[in-house]
Amino acid sequence: MGIVSPGFHGRRRESAVQLPPGQYLTEDFPVLSAGPTPRIPEEEWEFTVTTETGRQHRWTWRELLDLPFETPRVDIHCVTKWSKLGTDWQGVSLDVLLADVETAADFALVSSYGGYTTNLPLEDLLDGKAWIVYRYGGEELAPEHGGPVRLLVPHLYFWKSAKWLRGIDLLTENEPGFWETAGYHDYGDPWREQRYQGD
Amino acid sequence: MARLAETRRETGTARTLVFDVPGWPGHLAGQHVDVRLTAPDGYAAQRSYSLSAPDRVELTVQRIPDGEVSPYLTDVLGVGDPVEIRGPVGGWFVWRPGAGPDVLLIAGGSGIAPLMAMVRARRLAGSGTRFRLVYSTRTPGDVFYADELRRPEPGLDVTHVYTRAAPDGWPRPPGRLTVDDLGDGPPDRDCFVCGPTGFVESAADMLLARGHDPRRIKTERFG
């Protein structure tokens, strides 16, 4: 337990919802990004998976829409302390996209239009844990939330769910991304409160 | 652990808190801290606040009427009281004094806090980098650091934009930030934009439309 703040009682949540430590519930959908919002026309959008041998797999917007999709309903947790419950998405499981990709890599470096990057172990993208999504709440995904396509990895802090998704490099060695090189935790498990390096 | 050392009233709803933090490692202008409050029964709440000064652990907190943490910080916490502070955090939205290019700062409301740290860092370092600050508030009474920003400072150009009510005789009618408010400086400047999401979205879009390099536009949004 931390230092008690004299006169602080807090506002307990009335619901029995269990949130990760240090998080509070929000009903709206805050926008956080490090720069201007890139606006990528769907017809120009392209997604590339590059393996450790340099082999590239590409999907256009049309090809993505033709793949079997799922509609995950998930809770999301931002490192800036807000959590949002029961968010509805539509997109393609990474299991589908990576099914025919031959790789022995253990790590993924995700990159975005606009230059953002984030890293995660490849296994955190597989087995039903991650999607690339193009609809939110029944609507097209808005540019400020990462449209036309963003990554969705709800079991990690939301900075891992890169907006304006452009590609994934499969790597045999871990390579920290944008926030990870700026002092944030390499993995980012909200339930273990892995916010910053050393947590 | 931090202890509140002094406070200053900024507006009717905002207060600047200056903390003594033994062993504080120092920070860069633009970085923030996590403040953690703990109730006697162990219940804890934490929020992030930008540091508003380059040399001391100073936060300006805007009270949010139904907030959980900000009303405590603005109304309850007293000088000498302890608070848990963690940081500094963030290595992207920062300005380092030096002979860098011109800088354009665009603040919406309490988004001024980290940008004020940059203005003060520039002064503290005696930096010759030219700064232009465009600061949007609803009314003149919502301006943080009003006296300090009124004092003339060579190389610092401050423009106030009022969205609801302007002083008598103010040349610009009240209204939202427009591209004309950004001035005619060259687009090859480092830009820092901080404020509520809608404000930052629209300011960043204006900068892009004026030909600024997106890689040199850094943004920080809240709410």
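We name chains A, B, ... by the order of the sequence lines, and we start the count at 1 in each one. This one's a predicted model, so the numbers in the text were calculated from it and none came from an experiment.
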With a cut-off of 6.0 Å (strictly less than), are more than 12 heavy atoms of other residues, nucleotides or ligands near [atom1] of [X]?
{"X": "A/E70", "atom1": "CD", "result": "yes"}
{"X": "B/R172", "atom1": "CZ", "result": "yes"}
{"X": "A/E102", "atom1": "CD", "result": "no"}
{"X": "B/R96", "atom1": "CZ", "result": "no"}
{"X": "A/E173", "atom1": "CD", "result": "no"}
{"X": "B/R176", "atom1": "CZ", "result": "no"}
{"X": "B/D66", "atom1": "CG", "result": "yes"}
{"X": "A/L122", "atom1": "CG", "result": "yes"}

Which atom of A/K81 lies closest to which atom of B/S48, heavy atoms considered: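 Residues A/K81 and B/S48, closest heavy atoms: NZ-OG, 3.1 Å.
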Sorted by number, residues from residues 16-32 of chain B in contact with chain A (heavy atoms, under 4.5 Å):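 Heavy-atom contacts from residues 16-32 of chain B to chain A are B/H32.
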Residues in residues 211-219 of chain B near chain A [non-hydrogen atoms, under 4.5 Å]: B/P214, B/I217, B/K218, B/T219
Side chain to side chain, A/S33 and B/R221, heavy atoms closer than 4.5 Å: yes
B/Y72 and A/F8 aromatic ring geometry - parallel, tilted or perpendicular at 30°/60° bounds: perpendicular
Considering only heavy atoms, which portion of [X] lies under 4.5 Å from any heavy atom of chain A: side chain, backbone, both, or neither?
{"X": "B/L208", "result": "side chain"}
{"X": "B/V89", "result": "side chain"}
{"X": "B/E201", "result": "side chain"}
{"X": "B/D75", "result": "neither"}

From [X] [atom1] over to [Y] [atom2], what is the distance, rounded to the nearest 0.5 angstrom?
{"X": "A/R195", "Y": "B/D34", "atom1": "CZ", "atom2": "CG", "result": "6.5 Å"}
{"X": "A/I3", "Y": "B/R3", "atom1": "CD1", "atom2": "CZ", "result": "8.5 Å"}
{"X": "B/L4", "Y": "A/S5", "atom1": "CG", "atom2": "OG", "result": "11.5 Å"}

Leading residue by heavy atom contact count with chain B [cutoff under 4.5 Å; candidates A/G183, A/G22, A/G7, A/A34]: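 The answer is A/A34.
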Residues in salt bridge (Lys or Arg N to Asp or Glu O under 4.0 Å) contact with B/R132, at least two apart in sequence or another chain: B/D157
Contacting region of A/W82 [heavy-atom separation from chain B under 4.5 Å]: neither
Check: B/W92 side chain, A/A182 main-chain N or O, donor-acceptor pair, under 3.5 Å: no
Top of B/G91, B/P82, B/A204 for chain A proximity - count of heavy-atom pairs under 4.5 angstrom: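 Of B/G91, B/P82, B/A204, B/P82 has the most heavy-atom pairs under 4.5 Å with chain A.
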Chain B-proximal positions within residues 134-150 of chain A [heavy-atom distance under 4.5 Å]: A/E144
